[in-house]
Every structure is written in structure tokens, then in C-alpha cells.
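A quick write-up on the structure given underneath.
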Protein chains: 2
Amino acid sequence: MPKKVVTLKNIAEELGLSITAVSKALRGEGGIGKDTVLRVQETAKRMNYLPNSVAKSLRTNTTKTLGLIVSDSSFSFFTPVIEGVEKSAAEYGYNIILCNAYSNVDKEREAVRILANKRVDGLIFAASMLNGEEHRGFLDSFGIPYVFVIRKSETDESDYVINDNTNGSFQMVDYLIKTGSKKIYFINIYEKITSYSDRMVGYRKALEENGIPLDEHLLYGAKPTVEDGYAAMNRILASSQQIDAVFCGCDVIAIGAMEAIIEAGLRIPEDIRVAGYDDIEYAAYLRVPLTTVRQPKYKIGKMGTEILLDRIQGKFEGRQNIILRPDLVLRHST
Amino acid sequence: MPKKVVTLKNIAEELGLSITAVSKALRGEGGIGKDTVLRVQETAKRMNYLPNSVAKSLRTNTTKTLGLIVSDSSFSFFTPVIEGVEKSAAEYGYNIILCNAYSNVDKEREAVRILANKRVDGLIFAASMLNGEEHRGFLDSFGIPYVFVIRKSETDESDYVINDNTNGSFQMVDYLIKTGSKKIYFINIYEKITSYSDRMVGYRKALEENGIPLDEHLLYGAKPTVEDGYAAMNRILASSQQIDAVFCGCDVIAIGAMEAIIEAGLRIPEDIRVAGYDDIEYAAYLRVPLTTVRQPKYKIGKMGTEILLDRIQGKFEGRQNIILRPDLVLRHST
DNA sequence: GTGAAAGCGCTAACAG
DNA sequence: CTGTTAGCGCTTTCAC
């Protein structure tokens, strides 16, 4: 099976040309006779020549490869993000090395190191945990351009593409209020990440604008898992008889919450309205089709990659901080 | 931002040593004095040395990188497969380059070429369309070991890891019959791929063993999309009043089928029982929690990678054809 | 124990 | 239009 691998040198010898001539001919660099180019191309094909991009990379100091670090690739939330990255990278002739950070700062740093010594041309962080000021020095030390996606860097010093969490949350809560709910519970994601605190900001803002006082008792926290959403909802159910609506910090929590509500023998949305955030795949086909805030996941991945690629080519100076407006998706659960 | 990148040479000069000595010291290759090793390590750290694995790859002719080609990475079905691959690759010090084949033979071949000239050490095909005999020559021409995963190669000449589609399907249909259903519709995936024809074999076998004659009128086809499942179910509903159960070739089709049934004002499972195949994420939280056949997706990805890695190291001779037994997951839809 | 030299396959000056 | 030369950063004989 191990085929003899053919190189430029072999082709050159076969044709009695120099390596340089062959290289130029194959790359269509010009300065080579038309007939020669043809002969070279034909011979390369006949000999089954496969360019060695490792050698090329060493020489040119570029790998045409991007590193994509996903905070936890077991969440299918990231599927469209990854897809967007992969696709636009491919369009520009780049490949991506996918790494999982397992929601762990040290593992994520390790991934950066590995990718850096594979000499990737750029790095994309999806929901990174290295978005804090304290990791800036580390990230910059490699001299590799990078972009944050889904979750922004804490300062605006780095490029990023995210959805407007405050606005998305505001839209949802405002809608819930305008359509009759007064007492809106909020099971937010319990992590000190700006994405989530921004969702809290939107929640408060919507209450305020509608003249509803904030009631701290309606605030709950959960990790972004079905189990945690389920548990949080059960605590809510145990605490009160009157629950107009529950706004969940993400769809996964909403799934757990809906389970708890159904299990308690209550109806969605008649007894309790449920809303989520993200619009994960199949959100329309859950127990009750879920009303949610749609993050443009694919687009975020795509734009992040494009920005990174532009930066690699030194296309712009200033920071690119892009905040996309999310959409409300109304379904049956509210 | 573009840091001056430090090489072995720089360290050598700094220390008045040879490049060779530094290289050996850093790799702990032995034959270097203990004190020297220490000095080298310290200096490397101080100078922020980052090994250049591109150069190493060129020299050693190995990249510690695997190519993973997914037939369509927009299906979140593949998320756990990718995860399994990534994780076990990482355990052995390998990274993966992820490519999407967009369910297209030509694009998939192109991906192979790209990965081959990036000199990946091995290739993993997830639900490949290049699994036919006619692509063997092409794949072998690169001299790169590869493994098929999820979908087998048509002959057993290549390594693969899949679930036992015949058995999974048999288990489900047998269960449906034994629990009272006689007239079981089958909406299979409409593609001429052995995975799907094997599911048909299991269906027939279960009928046969239970003494139920095959009725061709109960056989439907659909692409693996919600829309197609929905449409197929509507055709079934229009064709008959008596429908005991519907077995769907994959969960995504089942989702569509359930939508159609509910829309028709019928109840699941009281009026019609619905079963799927795959056990995708959140199958337990759909309209009606879905009874399905669980493919060990993560494990398939993991085992495939391990086999590939073993083969890269020349660990075995014979073909590795692994067929894992899937499990029945009983939920509320049946 | 340590170093010199060669070379992986390619591109990029610079000559001719 | 084509070839020579030099090296990218590393590992690997083979001497000393």
C-alpha cells in the first residue's frame, strides 16, 4: 500500500528540467513556455504527483489551516457554528483543525499551544473561556490572529462576532409581557459570562420599560443541561402556585423545564408559558414547539471566519466587534 | 503582534551549543548531560520556544493529524461521532482536520485530495459515499490508511466500524409485533446504501419469524429530513384507516411522521405507534418521547479512530470489520 | 556527551 | 524562458 511518493524532483528528472521550472509550471507562475507547462502538467498527472503542502508550509510560513476551538463540542448547539466556519474556510481554501476545550480553561490553553505549534494561520474560539483580560497576553504571545465567536472577549480589544444577548432577551420578555404575562420567572444560565448577564440585563430592561417591578424571587439559575433545567423548574413549582411564564436562559434548560411542568400535570402554554434562547435544532418538534430567540449560529461562524481571514491578510486595522440582532421565533409554548 | 519566532538555532546560539544537542535535549532523547538538558529546557522556556511541527512533519514524514470527512456535518447526528473521533485522537496526540462532503461524491473526493496533500496520517470517513468498490483504487492510491465509520465499505476489504443495522431493525420490529402491532408501516431512508437496505432486511426477518406476511403496500421511502418524513406519513394517512405502527428509518423521519399524525388529530401511541432509528440527541423530549434504536455513535467514532491509529502503527494485518449491536430504547411513542 | 553535515520537498531570489 | 543557489526548522546518521 505505501506508494512511492513522487516529488517535483522526480518530475524534473523525468523531463530533464530543473525543479524550479517544474514548480513554476505547476503553479502557473508564468515565465515558462506554454509547451513546457503542458508537458509538465501532463507528466505530473501521469506520475500521480501530489503536492506536499507540508514542505510548502515550511517554506512559505503559512499552512492554509485554521484552528477552531469549541468550548464543548458535545453540545449540538455548535453544529451550525462549526458548519459555518468549515464552509467559509473551505471557500477560501482553508481547512480547519477542530479541538474540544471540554469547558476547561487549562485544556483550552493546551489546545491553543498545540494549534500554535501546528502553525495554524488563525484561531477561532467558539464560546471560549479564554475571553478574559487575563488571557490576552497568553493569546497574543503566539502572534497568531484570532477571533471570538458566540461569546465575546470581555474587552473590545479582540475581534468577535456574537448575537445581541441583551436585545434578544429584551425582545422575548417584552413579548411575554405584552401578551399578558406579568409574573415571569427567569431560569438563567448560572455562569459568570457576559452572554448570560446580558440576558439578565435584557430581562430587567423589559420589565422596567413595561413598568413591572423586578422581583428577585423569580430569578433562578441552572447549568445548561436538561437535568438542571428540570430541577430548577421543580423548585419553582414547589415555591409558587401562580406562574405566568418561565423564560429559560437556553433551550436546553427549557427542555428540562417543560418536562417538569408536564410531569406536574400542568399544560403548556395554558397553565405556564415557556420560552427559551438559542433555537437549537428540532426546537420546533419538542414536547411543545418552543418559542425562543434565534441566534444566527451559522452566520456567526461564517462571519467570524471571514473576519479572521481578512485579518490574516492584513485587510483592516481597527477591531471588528460585530453584534448581530437575534430574532424572536414564536411557536406554541407561549 | 507578529512576534519574532524562536527556533532551535536561537537557543543553540544563546547557549553556545549545537542545534543537534538542543534538539536532543528538548526531546529527552538521551546522550546529553543532565545539566545541559536542564539549561536547555530552562532557556527554551525563557525564550518562549515553540516547536515548529511543520518542520518536524517534513522531516519525519508524519503530521500527527487525521482527516475526518463527514458526509454532511449539518446533521447533528454526527456530533457524537465527531466527538468520539476528536477525543480519542487527542488522547493519542493527534489532531483532526474536519471536512464536510456535503453528501456529494465529487466534493468528498476533493476533500480526500486536499487532506492527502496536507499529508494527514490517516483518514476517517463518516457515512462516506466513497464506500463502493469503484472508489477503492482512488482511495488506495494515496497510500494513506483509512477507516469507514457509521457506513461500511461495500466489500469487507477496508476497515470499518458500524452498528448492526439488520439486528437493530429486527429488534424494533420484533418488539412492535410482540407488543401487539400487526400492520407495521416502514418509512425507510430512500437511498441505495447498505445501511438502509440492511434495515429493510431486519424488518422482513422480524415479520417472517413472527409469521406475518410481507405487505409491499406498507413500504414507503423518504429522505432523512423532517419534511420528507412528514410528507411520507401524510401519504400513509391518506391511504389507509388502519395503521398499527410506523417504523421510521431514522429519527428525523420519525419527527416528521409524528408531526403529520398529530396534525391529523390522531394520538401517539394510542392511535398509531411510532418508532425511529438512531436515538439522536433530545429524542426523549420530542412531541412524544421517541422509541428508537440507539446507535452507539460516540463509541463508533472512538473505535474507528483507535483502529485507524493501530493500523497507522502497523499493528495488525487482517481487516478490522466491527459491527456493534445497537440497543432498543423504549419510550412513550410506542 | 556533543557536533557537523545532510536532507525532508518546496519556493524565492537572482543569474543567465 | 530556464536554471542555480539558498534556505524554511527540524531530525538523523555518523564522527569526534
Side-chain angles (χ1 to χ4, degrees), chain A residues 2-41 43-44 47-65 114 116-121 142-143, chain B residues 2-41 43-44 47-65 116-121 142-144:
Chain A
K3 295 278 164 195
K4 218 194 71 65
V5 63
V6 8
T7 68
L8 289 184
K9 194 176 168 197
N10 299 322
I11 301 179
E13 281 164 357
E14 179 87 4
L15 257 41
L17 282 171
S18 74
I19 296 177
T20 311
V22 176
S23 172
K24 281 183 178 163
L26 249 22
R27 280 176 298 143
E29 219 217 40
I32 303 286
K34 267 203 165 173
D35 41 339
T36 313
V37 169
L38 242 56
R39 280 199 311 145
V40 170
Q41 287 177 337
T43 313
M47 297 179 75
N48 223 322
Y49 171 69
L50 190 72
N52 184 330
S53 56
V54 172
K56 179 171 179 169
S57 288
L58 180 60
R59 189 56 240 250
T60 60
N61 210 25
T62 127
T63 53
K64 291 285 185 180
T65 303
I114 292 172
N117 76 57
K118 290 235 164 151
R119 296 298 194 263
V120 294
D121 296 336
F142 298 99
Chain B
K3 295 279 163 193
K4 216 193 73 63
V5 63
V6 7
T7 68
L8 289 184
K9 193 175 168 198
N10 299 322
I11 300 179
E13 281 165 356
E14 179 86 4
L15 257 40
L17 282 171
S18 74
I19 296 177
T20 312
V22 174
S23 171
K24 282 183 177 165
L26 249 22
R27 281 176 298 141
E29 218 217 39
I32 303 285
K34 265 202 166 175
D35 42 337
T36 314
V37 170
L38 242 58
R39 280 199 311 146
V40 169
Q41 286 177 336
T43 314
M47 296 178 75
N48 223 320
Y49 172 67
L50 190 71
N52 184 329
S53 56
V54 173
K56 180 171 179 169
S57 289
L58 181 59
R59 188 55 238 255
T60 61
N61 209 26
T62 127
T63 53
K64 292 284 186 180
T65 304
N117 74 58
K118 291 235 164 153
R119 295 298 194 263
V120 294
D121 296 335
F142 297 100
I144 298 177

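Keep in mind it's a predicted model, so treat the numbers as computed, not measured. Letters A, B, ... are given to chains in the order of the sequence lines, protein chains preceding strands, and every chain is numbered from 1. Hydrogens, waters and symmetry mates play no part in the numbers below; they use all other heavy atoms, side chains included.
- Atom P of nucleotide C:dG3 and atom CD1 of B:Ile19 are separated by 11 Å, given to the nearest angstrom.
- Nearest-nucleotide assignment on DNA chain D puts the 5′-proximal partner with B:Val54, out of B:Val54 and B:Thr20.
- Atom-to-atom, CG of B:Leu38 to P of C:dG1 comes out at 15 Å; the value is rounded to the nearest Å.
- Nearest nucleotide to the side chain of B:Leu8, out of D:dG3, D:dC10, C:dT11: D:dC10.
- Residue B:Thr36 places at least one side-chain N or O closer than 4.0 Å to OP1 or OP2 of C:dT2.
- A donor and an acceptor atom never sit less than 3.5 Å apart when one is taken from the side chain of B:Lys24 and the other from the base of C:dG1.
- Look at A:Thr7 and you won't find any side-chain N or O under 4.0 angstrom from OP1 or OP2 of C:dG9.
- Looking at heavy-atom distances under 4.0 Å, A:Arg27 makes contact with sugar-phosphate atoms alone, never a base.
- If you measure from atom CG of A:Leu17 to atom P of C:dT11, you get 16 Å, rounded to the nearest angstrom.
- Rounded to a whole Å, the CG atom of B:Asn52 is 12 Å from the P atom of D:dC8.
- Considering only the side chain of A:Tyr49, C:dC10 comes nearest among D:dG3, D:dT12, C:dC10.
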Intermediate values then yes/no, side chain to side chain donor-acceptor pair (under 3.5 Å), B:Lys118 and B:Thr65: CA-CA 9 Å; B:Lys118 291 235 164 153; B:Thr65 304; over 6 Å; no
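- When distances are taken from the side chain of A:Ser23 to each of C:dT11, C:dG3, D:dC10, the shortest belongs to C:dT11.
- If you measure from atom CG of B:Leu58 to atom P of D:dC10, you get 12 Å, rounded to the nearest angstrom.
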